[in-house]
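Please read the structure below before turning to the comments.
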Amino acid sequence: MTYGSGEEGGPHLALDVQKIRGDFPILSTEMNGKPLVFLDSAASSQKPNSVIQTVRKYYEMENANIHRGVYFLSQKATEKYEFARIKVSRFIGAPCAKVVIFTRNTTESINLVAQSWGRTNVHEGDEIVLTELEHHSNLVPWQMLAQEKQAVLKFIPLNYDSTLDMTNLDQIITDRTKLVAVSQMSNVTGTVHDLAPIIRRARQVGAKVLVDGAQGVCHLPANVQKQDFDFYAFSAHKMLGPTGVGILYAKEEILESMPPWMGGGDMISKVWKEKSTYADLPARLEAGTPNIAGVIGFGAAIDYLEAIGMDAVRKHELELLSYALERMEDFGGLEMYGPKDLSVRGGVISFNFPGVHPHDVGSILDEEGIAIRVGHHCAQPFMDFMGISGTCRASLYLYNTKEDVDRLLEGLKKVKEIFGRVLKR
Ligand code: 7TS
C-alpha cells in the first residue's frame, strides 16, 4: 500500500529545518540522557526564542496591568496586548480585531460559546450536531448545555478511516439544528475534515457552525471569512505561543448578541449597586486581568509562523508524514489509524503495537529520549468506535526532521526486541 501524495510540492522540504531548530532551545536538550526527539506537538508545541524573549522582556521591562493605567508602562502594555489581537485577526482572516476574544484556551472558548450563545439560543428539543471524533472539549460543554436545556445531541458518523460519513448529512443537520460543532483536524488521527458541505448544509437550515481549530489553525492556512465559520476556537500553546491563552473568533453580529458569561472588572461600562451596563466588544467578553504576557508572547509566535508561511508549514509536515508512514509500513506489524489519503490528513500518527499496551510503548520510547503521547487523547467516544482503549501518537510540527522519524523507528525496534514479538510483515 502506498500513501496518497497529498498536496503537491517538490521533493525537498521547503523549510530550513536546521535553522528553525536553532530557534527552539529545548530541541537541543536531552531527555533521559539522549538527545530529545519531541513528537508531541499536538498536545503542546515547543516555543521559539522570540516568544520566550518577548515574554521575558515583558516581565523584565514592561510589566503593568492593561486598560486602566494613565501611566506610560500601562499604556505600552495595553498597546502591545491590543496589537497582538490585531495580529491574530489578520492571521485568521477576520475582518477586524474586536471579533477576537482572548480566553485561557480552546476549552474555555468553547465553554464561552456554550454558556453565553448556547444558553440564550438553544431550547428544549433543539439539536446540536457534533461528530464522533471530537475532543472532550468540544463534546462535554455541549452535553452540559443539552442536559440543562433538554436539547438533543446528534453525531455525524465516521468511516473506519476516521473521515466523516456525510451520506446522511441532510437527515442529521435539519431545521431543528441550532449548532454544528466540529473539529477542523482530529488530534487522534490528524484527519482534516471537509467542512464545506457541513457549512453549506448548516446555512440551508439556519444553523451556526463552530469550528474547533485547536489542531487546525497551527497546521493549515486559515481564513474564517472565506471558510464562513461562525465561531472559531483555538489555543496559542499549540502554535508556538505560551500556555494560558485561548482565542474565540465569532462573527461580529453573533458576538454583539452574546450576553457576558463572566462578570467583573474590565467588562463593564457603568456599575450601580443593583445592576451594571457592559462594555463594548471585545472587553465585554474578557472579564478580569488577562494573561497579558501570554497574549503579547502569542503575537511573537504569530510573527514567527507568518515569516515561515503556513503553506510551507503544511508542505513540510506532509512530506514528513509521508516519510514516517512509509517507514512505519516497512517496519511492519503496526496497527495504523487514520486516512491513507494525505490530502485529508495532518501530521498526526496514531498507531498500536498489537499485544503491547500503549503506555509500555511510550515508556520505552521515553527511555530513548523520544516524547510521544499515549492513551485515549481525550477522545473516548472515538476509542469506543475503534474498539480500542488507546493509541500511541506521534505528532509532527515545523521543527521535526526525518532524523526524528528515524529515531522513532529505532525506538520502535527496541519495543519489538523487548517484547520479543515477531511482527508479521
Ligand atoms: N480540541 C482539540 C481538537 C484538541 O486537540 C485539544 C487539545 C483541545 C480541543 C483542547 O485544547 P486546550 O488548549 O483547551 O487544552 N488536545 C490535546 C491533545 O491532543 N493532547 O493534549 C491536549
Side-chain angles (χ1 to χ4, degrees), residues 38-47 88 101-115 130-144 155-156 158 162-164 180-193 195 198 209-220 222 229 231-249 261 290-291 294-295 297-298 301 317 337-338 344-351 358-359 362 371-383 386 390-397:
F38 188 74
L39 295 172
D40 194 23
S41 296
S44 197
S45 76
Q46 297 301 348
K47 323 299 174 200
V88 178
I101 308 296
F102 287 120
T103 63
R104 281 186 307 143
N105 46 40
T106 306
T107 305
E108 188 174 293
S109 297
I110 295 174
N111 277 275
L112 166 59
V113 177
Q115 293 298 313
L130 311 170
T131 81
E132 291 186 31
L133 191 50
E134 296 311 310
H135 188 280
H136 298 164
S137 294
N138 194 29
L139 171 61
V140 182
W142 307 118
Q143 292 173 342
M144 290 161 64
F155 295 86
I156 302 173
L158 297 173
S162 84
T163 52
L164 298 179
V180 184
V182 56
S183 52
Q184 192 174 15
M185 174 171 143
S186 159
N187 67 316
V188 183
T189 57
T191 312
V192 175
H193 296 309
L195 300 178
I198 296 176
V209 178
L210 177 143
V211 177
D212 170 355
Q215 298 294 338
V217 69
C218 22
H219 303 287
L220 308 165
F229 299 164
F231 300 100
Y232 196 39
F234 53 98
S235 298
H237 71 92
K238 292 186 200 284
M239 49 193 299
L240 313 184
T243 52
V245 176
I247 296 86
L248 175 68
Y249 157 83
W261 171 34
N291 185 347
V295 166
F298 183 37
E317 289 173 8
Y337 306 99
V344 295
R345 186 158 171 174
V348 177
I349 306 164
S350 255
F351 62 96
H359 280 100
I372 64 160
R373 174 140 188 216
V374 295
H376 56 62
H377 313 297
C378 299
Q380 286 182 354
F382 177 61
M383 296 297 134
M386 299 297 284
T391 73
C392 308
R393 183 189 71 183
S395 51
L396 308 166
Y397 209 4

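Counting starts at 1 for both ligands and their atoms, following the listed order.
- The shortest distance between side-chain heavy atoms of His376 and His136 falls below 4.5 Å.
- Ranking protein heavy atoms by distance to atom 16 (N) of ligand 1, first place goes to Lys238 NZ, 2.9 Å.
- The Thr107 neighbourhood of ligand 1 comprises atoms 10 (C), 12 (P), 14 (O), 15 (O), with distances under 4.0 Å to a heavy atom of that residue.
- For atom 18 (C) of ligand 1, the candidate residues are Arg373, His136, Glu134, His377; the nearest heavy-atom contact is made by Arg373.
- No heavy atom of Glu108 sits closer than 4.0 Å to any atom of ligand 1.
- Residue contact check: Ala214 has heavy atoms under 4.0 Å from atoms 1 (N), 2 (C), 4 (C), 6 (C), 8 (C), 9 (C) of ligand 1.
- For the residue pair Val188 and Val348, the shortest heavy atom distance occurs at O-CG1, 3.4 Å.
- When all heavy atoms are compared, the tightest approach of Ser183 to Asn138 is N-ND2, 4.1 Å.
- Shortest non-hydrogen contact noted between Val182 and His193 is CG2-CD2, 4.2 Å.
- Looking at Arg393 against ligand 1, only its side chain comes within 4.0 Å, counting heavy atoms.
- Of the protein's non-hydrogen atoms, His135 CD2, 3.4 Å is the one closest to atom 4 (C) of ligand 1.
- Contacts between Asp212 and ligand 1, counted as non-hydrogen atom pairs separated by less than 4.0 Å, involve the side chain only.
- Taking each heavy atom of Ile101 and Leu112 in turn, the nearest pair found is CG2-CD2, 4.2 Å.
- Residues Ser162 and Leu133 come closest through the heavy atom pair O-CD2, 3.5 Å.
- Looking only at heavy atoms of the protein, atom 5 (O) of ligand 1 is closest to Gln215 NE2, 2.7 Å.
- Atom 10 (C) of ligand 1 has Ser137 OG, 3.4 Å as its closest protein atom, hydrogens excluded (heavy atom only).
- The parts of Ala43 lying near ligand 1 are both backbone and side chain, judged by heavy-atom distances below 4.0 Å.
- For Ser183, no nitrogen or oxygen atom sits less than 3.5 Å from a nitrogen or oxygen atom of ligand 1, counting backbone and side chain alike.
- Which parts of ligand 1 touch Ser235 is read off a 4.0 Å heavy-atom cut-off, strictly below it: atoms 11 (O), 12 (P), 13 (O), 14 (O).
- Annotation for Ser44 and His237: closest pair OG-ND1, 2.8 Å, computed over non-hydrogen atoms.
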Exercise. Decide side chain to side chain contact (heavy atoms under 4.5 Å, CB included) for Leu139 and Phe155; before the verdict, give the C-alpha distance in whole Å, the side-chain angles of both, and the deciding distance to 0.1 Å.
Key: CA-CA 10 Å; Leu139 171 61; Phe155 295 86; 3.9 Å; yes
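- When side chains are defined from C-beta on, Asn291 does not count as touching Phe102, because their heavy atoms never get closer than 4.5 Å.
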